[in-house]
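Below: one structure, written as structure tokens.
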Protein chains: 2
Amino acid sequence: MKTSSTPARRLRAPRGQGGQLRDELVAATERLLATTGDEESVSIRAIANAVGVSPPAIYLHFPDKDALIFEVCALRFGELADAIEEAAIGVADPIEALLVRGYAYVRFAVEHPEQYRVLFLRPGAGRKLTADELRSTSAFGNLIRAVEEAHQTGAIRAEPDAIATAMELWAVAHGVASLVIGVPDFPWPEDLADRVLQTYVRGLTSAAVSSS
Amino acid sequence: MKTSSTPARRLRAPRGQGGQLRDELVAATERLLATTGDEESVSIRAIANAVGVSPPAIYLHFPDKDALIFEVCALRFGELADAIEEAAIGVADPIEALLVRGYAYVRFAVEHPEQYRVLFLRPGAGRKLTADELRSTSAFGNLIRAVEEAHQTGAIRAEPDAIATAMELWAVAHGVASLVIGVPDFPWPEDLADRVLQTYVRGLTSAAVSSS
DNA sequence: TGTACATCAGTGAACGCGCGTTCACTGATGTAC
DNA sequence: TGTACATCAGTGAACGCGCGTTCACTGATGTAC
């Protein structure tokens, strides 16, 4: 059963519209990544076939395969950031806002496991993500601000600072997301993300530990 | 620079000792996985070359490549379980025991990132890990017992039960481990695992929430 | 108003490569008669 | 005590495959004179 037996040759773009194919390539790559979930199995030939174009045509718009994959990852990362912000809109309580962000993060990951895998779980996923880049990313920056807000209202502790606490929150949400994605056959409870995030944030709200 | 230019042909095993090569194949595969960190790049040819044997010799001991990789994963999983148990020996306080288990888990993962990747982060890693298998695994079973102990002494809440709480603890530890492995260039604080686990367990120790 | 030319958006065939696996074989060693 | 034979632990060469990428090319379309 060859599912890709439809050549469906694409019409050639008119004179000035060469960049049009570029967008279609990105879209097709994103789609293929979503269905296969494995960067390795998304081949230049498969992408070209999905768009209805010959493999070398891709090199008119991207220097190599890595550049194409990277662009798709960047797009997905933006979508993840948008999904989180959208979820946090209009949530007044700063604690609730933190929880809602965490849920949105996990939901995005579980609903797009293959893309999440490409973003954070594939070998060398974060290789290009340096400290400055990540900190300037809207997603992480927004989370830091949300933590600061919760801290300034006295709702949570944030030690030693908001950045460290944001990292911890990220780790907790990432833990639920990547575990559910990585071990999918296990009967994870529906409310795993809720419980973990609530317990963690409760740990942040409780009085400072008295240890030395 | 070909590092594998040493053929170093291995001596043929004596008559009854055919299984000897089997062990050497497993050891070499484990070693290669540890250095490359990617199952895809650990090829039949590379394994055979590392042992000093021809590629087809592998098929005298394993039906296919998957069977060999799976056996190596199972071994590593056992080592992870052992490392956790060893760390928990002699820790009387049940809360401290939970924390110590979490640290040991994260430490194992960070010290053996490639093996951890093969165990839990590669595509299809947990595909073969069904609920019953995992529950009967010593590693997860021990964690459940540790949670029960902490619950019975009144040190923590465990809702709805110890199994669910064990899953949550796993998710939290896995979060730190896989994030540090997945985004290695980010300046993670040294004590990220400590802080996350402590905060989470503090959330478990605090009084039950009053929400409806 | 016609024509030579440049440009653009691609195509078709082929490159070398490494992969997992198969197949027919070899040669030492033990065993039966 | 010698010899034919079975078995065991491998080997060497080759299979078909899909991969990323390159190279020479095509043919429609706009532009300069």
Side-chain angles (χ1 to χ4, degrees), chain A residues 1-29 32-33 36 38-72 118 122-124, chain B residues 1-26 28-29 32-33 36 38-72 122-124:
Chain A
M1 175 150 51
K2 292 179 68 178
T3 55
S4 57
S5 61
T6 43
R9 185 63 62 82
R10 186 186 95 108
L11 287 168
R12 180 182 174 160
R15 194 62 176 250
Q17 313 306 110
Q20 189 175 310
L21 174 56
R22 187 192 163 91
D23 296 343
E24 292 180 37
L25 287 170
V26 169
T29 305
L32 285 172
L33 272 175
T36 69
D38 184 12
E39 183 192 338
E40 297 291 316
S41 70
V42 175
S43 67
I44 286 284
R45 281 170 175 80
I47 297 167
N49 187 58
V51 172
V53 104
S54 72
I58 292 178
Y59 294 88
L60 296 172
H61 301 281
F62 298 92
D64 53 27
K65 192 191 174 187
D66 268 1
L68 174 51
I69 298 283
F70 184 75
E71 182 149 332
V72 171
V118 173
R122 71 171 167 150
Chain B
M1 178 149 53
K2 293 179 66 178
T3 56
S4 56
S5 60
T6 43
R9 184 64 59 82
R10 173 184 173 273
L11 286 167
R12 181 183 174 157
R15 193 61 176 249
Q17 313 306 111
Q20 190 176 309
L21 174 56
R22 185 191 165 91
D23 297 343
E24 293 181 37
L25 287 170
V26 169
T29 304
L32 285 172
L33 271 175
T36 71
D38 183 11
E39 183 192 338
E40 297 291 316
S41 70
V42 175
S43 67
I44 287 284
R45 281 169 175 83
I47 298 167
N49 187 58
V51 172
V53 102
S54 72
I58 292 178
Y59 293 88
L60 296 171
H61 301 282
F62 297 92
D64 54 26
K65 192 192 174 186
D66 268 1
L68 175 51
I69 297 283
F70 184 75
E71 183 149 331
V72 171
R122 71 171 168 151

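Order of the sequence lines fixes the chain letters, A, B, ..., with proteins taken first and strands second; residue numbering starts at 1 for each chain.
Between A:K65 and A:E39, the shortest heavy-atom contact is NZ-O, 3.6 Å. Of all non-hydrogen atoms in B:I44 and B:I58, the two that sit nearest each other are O-CD1, 3.5 Å.
The shortest distance between the side-chain N/O atoms of A:S43 and the OP1/OP2 oxygens of D:dG18 is not below 4.0 Å.
For A:D64, the side-chain atoms get nearest to D:dT21 when compared with the rest of C:dG10, D:dT21, D:dA9. Counting only heavy atoms from C-beta on, A:R15 has its side chain closest to C:dC8 among C:dT11, C:dC8, D:dT21. Listed nucleotides C:dG20, D:dA9, D:dT11 differ in distance to B:S54; the shortest reach to its side chain belongs to D:dT11.
Side-chain atoms of B:R45 come within donor-acceptor range of the base of C:dG20, with a qualifying N/O pair under 3.5 Å.
One can place OH of B:Y59 at 19 Å from P of D:dA9, the figure rounded to the nearest angstrom. To the nearest angstrom, C1' of C:dG27 lies 14 Å from CZ of B:R9. Between the CD atom of B:E24 and the P atom of D:dA9 there is a distance of 13 Å, given to the nearest Å. Separating the CZ atom of B:R10 from the C1' atom of D:dG10 is a distance of 9 Å, rounded to the nearest angstrom. With rounding to whole Å, A:I47 atom CD1 is found 17 Å from D:dG18 atom P. The separation between A:L11 atom CG and C:dG10 atom C1' is 13 Å, rounded to whole Å. A:I44 has its CD1 atom 21 Å from the P atom of C:dA14, to the nearest Å. The CD-P distance, from A:Q20 to C:dA9, rounds to 10 Å in whole Å.
Summarising the base pairing, C:dG27 is matched to D:dC8 through a Watson-Crick or G-U wobble pair whose two defining distances lie under 3.5 Å. Taking a pair to require two hydrogen-bonding distances under 3.5 Å in either a Watson-Crick or a G-U wobble arrangement, C:dT1 remains unpaired. Across all strands shown, C:dT21 is found opposite D:dA14 as a Watson-Crick or G-U wobble partner, with both distances under 3.5 Å.
Between B:P56 and A:H61, the residue anchored closer to the 5' end of DNA chain C is A:H61, taking for each the nucleotide with the nearest heavy atom. If B:R12 and B:A46 are placed on DNA chain C by their nearest nucleotide, the residue sitting closer to the 5' end is B:A46.
Between B:L21 and B:L60 the shortest side-chain heavy-atom distance does not fall below 4.5 Å.
In terms of modelled atom types and a separation under 3.5 Å, the side chain of A:R22 and the main chain of A:H61 share a donor-acceptor contact. B:D64 places a side-chain N or O within donor-acceptor distance of the main-chain N or O of B:A67, the cut-off being under 3.5 Å.
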